[in-house]
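Comments concern the structure below.
Side chains included, hydrogens not; waters and symmetry mates left out as well; all remaining heavy atoms used.
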Protein chains: 2
Amino acid sequence: MATIKDIAAKLGLSPSTVSIVLKGNGDKRKIKKETQQRILEAAKELGYKPNIQAKILRGSLSSKSNISLYWVSDNRIHLLSRFLKGLQTTIIENNYQFQLSIVPYENNHLEDVLTQESVLATNAIIICNPSETDMEYLENNDFNIPIVLYNRYSKKYSTVTMDDKTIGLLPAQIFAAHGKKHPALLKSPATFSGMNIRTNVFEFQVNEAGMEHPVSVTVDDTMKGGYLGALTLCGLNSLPDCLFCTSDSIALGALKAFYERGLHIPEQIELISVGSGRPEQEEYCVPSLSVISLPLEDMARECLKILSDSLSTFDYVPKSVAFPTPYIPRESCPALLRAKEERQI
Amino acid sequence: MATIKDIAAKLGLSPSTVSIVLKGNGDKRKIKKETQQRILEAAKELGYKPNIQAKILRGSLSSKSNISLYWVSDNRIHLLSRFLKGLQTTIIENNYQFQLSIVPYENNHLEDVLTQESVLATNAIIICNPSETDMEYLENNDFNIPIVLYNRYSKKYSTVTMDDKTIGLLPAQIFAAHGKKHPALLKSPATFSGMNIRTNVFEFQVNEAGMEHPVSVTVDDTMKGGYLGALTLCGLNSLPDCLFCTSDSIALGALKAFYERGLHIPEQIELISVGSGRPEQEEYCVPSLSVISLPLEDMARECLKILSDSLSTFDYVPKSVAFPTPYIPRESCPALLRAKEERQI
DNA sequence: CTGAAAGCGCTTACAG
DNA sequence: CTGAAAGCGCTTACAG
């Protein structure tokens, strides 16, 4: 990497002069036009790239703490805006002096981007969506800065979690209370163990309640996936009378399929989804979606709080916070007025 | 801001020792336990915050270029994920060595965050959603680094735009070709002049085509806004037979209202929306949305390309790229087979 | 019109 | 067990 010194050496000038010209103050400081030309050309030729770390350091600019947010770059990216919203609100509310960097990574390849070197370049880290493989990498390495995991369990790092058991339990209990007998499950391939907990608990609890063993269809975590999965359900000899979807995307796709097949929701099939998407979308689809609501924004806020505390107290002892996932009944599975388990949890 | 030197001075130790302990290598380097304790306590007491710029500089880490993305922190934040997706794909495809920072700002208050000081701390900038006030600030100030504006016009900065005229023109032409007479418009308050262009051109063109003057309702740019706006339309003495919505959110809310009122789309009212949201959502709502498609991802990609070129060639001459906004007919306004203006534009 | 020198905060190899 | 010194790349106040 070429530096100002390199350019100066090449041209037989001093670093001062080169710096002045590169900063665009050549005219103001009356550097000869010709000299300016030579400097700019040399910069281009040598591929000069200003080193902003040096600029910041030199200028004693009130440098903000850098928080790096690691987010997987697959179709979970559309959840990022809810999470970011939570972070930004918190930053503004608390007047946190944070610079937020987004680091994309590929599923199972966290280790490619979260290196010891990259850790040196930030003050604290939020890690979202790590797979089992990624978690193993995290557990087997040491990074001497505050790190918080979003929705993952660890003894080594701070965590902000929700209760995956409840997410599977609630829909099963509600369907049971509604007298349903034939449950179905539209799920996407598990990208972390919590997803298996959700679906396993649902299947277990549905059995406990004396319902049939659920029909389970694994689909892509997209609206198209949900659409195709629901078509599969429609093709069965006997239709399910209730359906649990593991994401909003899947549920929204399923709604379209049921509509096209002339199936009435909730009359023929009650539907509850994991509320991972935008609440506004859940409210304004037809029929509106009953969901187990995931408090992404609140969790994002808590991630930042934990990091902020760690940074200011210099205390990196792992801290864990779990968030409730309340059930929000809407049209796709209306509340029974008498049912006590459907009160806000 | 306390530094390592401050801590060393306070304790009568050398900066070396303090650095070693703070980095977590105290045991490895056999620093007395007691000394370590004193250092950590002093760090906490003085509010020590490691200066990562200094760390990076000192370590000669292959520092990435920092690209700052300025995005307004109101409900437009849900569009951010599409934009980010475009950026991330480009970064990965081209193996760009960029660190991406997200800088939130309040509408009309870009000047609070985009300061000369903050510009020193980054290599290049993408500015999204500036208001007229924000644009004025930009036009009246000089920043000596590459800056690209997303969806705004400027002679001073590079721009990546779409054709706002076409966005208003197409729906009017299509409704006219379909023989519609009673147009309506659901729009949100203009946050930049391009939005006025879209709606003005629509209103003008609809008149040109001999249709009635459109009923125009201004609503919040949310699904709720669209829902309420559509209810207003339903309450009119004579219903519109076609409707142009200035965002996906508005259109989706409107769909719900029409459904509840028993109005059939497209039979009774044809609907075209500005396709600002997720394409998957447009496809899987009921009925699916006909949209003027905004190529956010491609535009994001182009923003990054322009900055990357500027950075490598050291050439900050403004460059402008305009993107087409193709019409995508779906169920809410099906294509007439014969209509030539409905071929992909 | 251009250059020499100091220093931003940190870490490391070396010395003791 | 701890310290003195050098240097990462840059900019600025000063000198000439």
OP1 or OP2 of D:dT2 sitting under 4.0 Å from any side-chain N/O of B:Thr35? yes
Within the supplied structure, the quantity of interest is the number of heavy atoms (other residues, nucleotides, ligands) at a distance under 6.0 Å from B:Lys156 NZ; does it exceed 12? yes
Could you state the atom-to-atom distance from NZ of A:Lys23 to C1' of D:dT12 in whole Å? 9 Å
Output the single nucleotide from C:dG3, D:dC10, C:dC8 whose closest atom is nearest the side chain of A:Leu57. C:dC8
Rounded interatomic separation in angstrom, taking CZ from B:Arg58 and C1' from D:dC10: 17 Å
Quick one: look up who D:dA13 pairs with, Watson-Crick or G-U, both distances under 3.5 Å, and put none if it's unpaired. none
Value in whole Å for how far the P atom of D:dA13 lies from CD1 of A:Ile20: 11 Å
Evaluate the ring planes of B:Phe83 and B:Tyr150, with Trp represented by its six-membered ring, and classify them as parallel (under 30°), tilted (30 to 60°) or perpendicular (over 60°). perpendicular
From the set C:dC8, C:dT2, C:dC10, return the single nucleotide nearest to any side-chain atom of A:Thr17. C:dT2
Classify A:Ile4 by what it touches in the nucleic acid, base, sugar-phosphate, or nothing, heavy-atom distance under 4.0 Å. sugar-phosphate
Atom CD of A:Glu117 and atom P of C:dT11 are separated, to the nearest Å, by 15 Å
Take B:Ala2 and A:Pro15, find for each the nucleotide of DNA chain C with the closest heavy atom, and name the residue whose nucleotide sits nearer the 5' end. A:Pro15
Once you apply the 3.5 Å cut-off to both distances, tell me the Watson-Crick or G-U wobble partner of C:dA4, or none. none
Value in whole Å for how far the C1' atom of D:dC8 lies from CG of B:Asn51: 13 Å
Taken to the nearest 0.5 Å, the spacing of B:Leu100 CG from A:Ser68 OG works out to 11.0 Å
Let me know the distance between CG of B:Leu22 and P of C:dT12, rounded to the nearest Å. 13 Å
Check every strand shown and say whether B:Ser16 touches a base, only sugar-phosphate, or nothing at a heavy-atom separation below 4.0 Å. base
Measuring from the side chain of B:Tyr48 (C-beta onward, heavy atoms only), which nucleotide among C:dC10, D:dT11, D:dT12 has the closest atom? C:dC10
OP1 or OP2 of C:dT11 under 4.0 Å from side-chain N/O of B:Ser19: yes
Does atom NZ of A:Lys5 have more than 12 heavy-atom neighbours, drawn from other residues, nucleotides or ligands, at distances under 6.0 Å? no
For the pair made of CG in A:Asn25 and P in D:dT12, what is the distance, rounded to whole Å? 8 Å
What is the distance, rounded to the nearest whole Å, between atom CG of A:Leu120 and atom C1' of C:dG9? 14 Å
Phosphate contact (C:dG9 OP1 or OP2) by B:Lys55 side-chain N/O below 4.0 Å: no
Quick one: on DNA chain D, does B:Lys32 or B:Ala54 contact a more 5' nucleotide (nearest heavy atom)? B:Lys32
Rounded to the nearest 0.5 Å, the CD atom of A:Glu111 sits from the CG atom of A:Asn140 at a distance of 10.5 Å
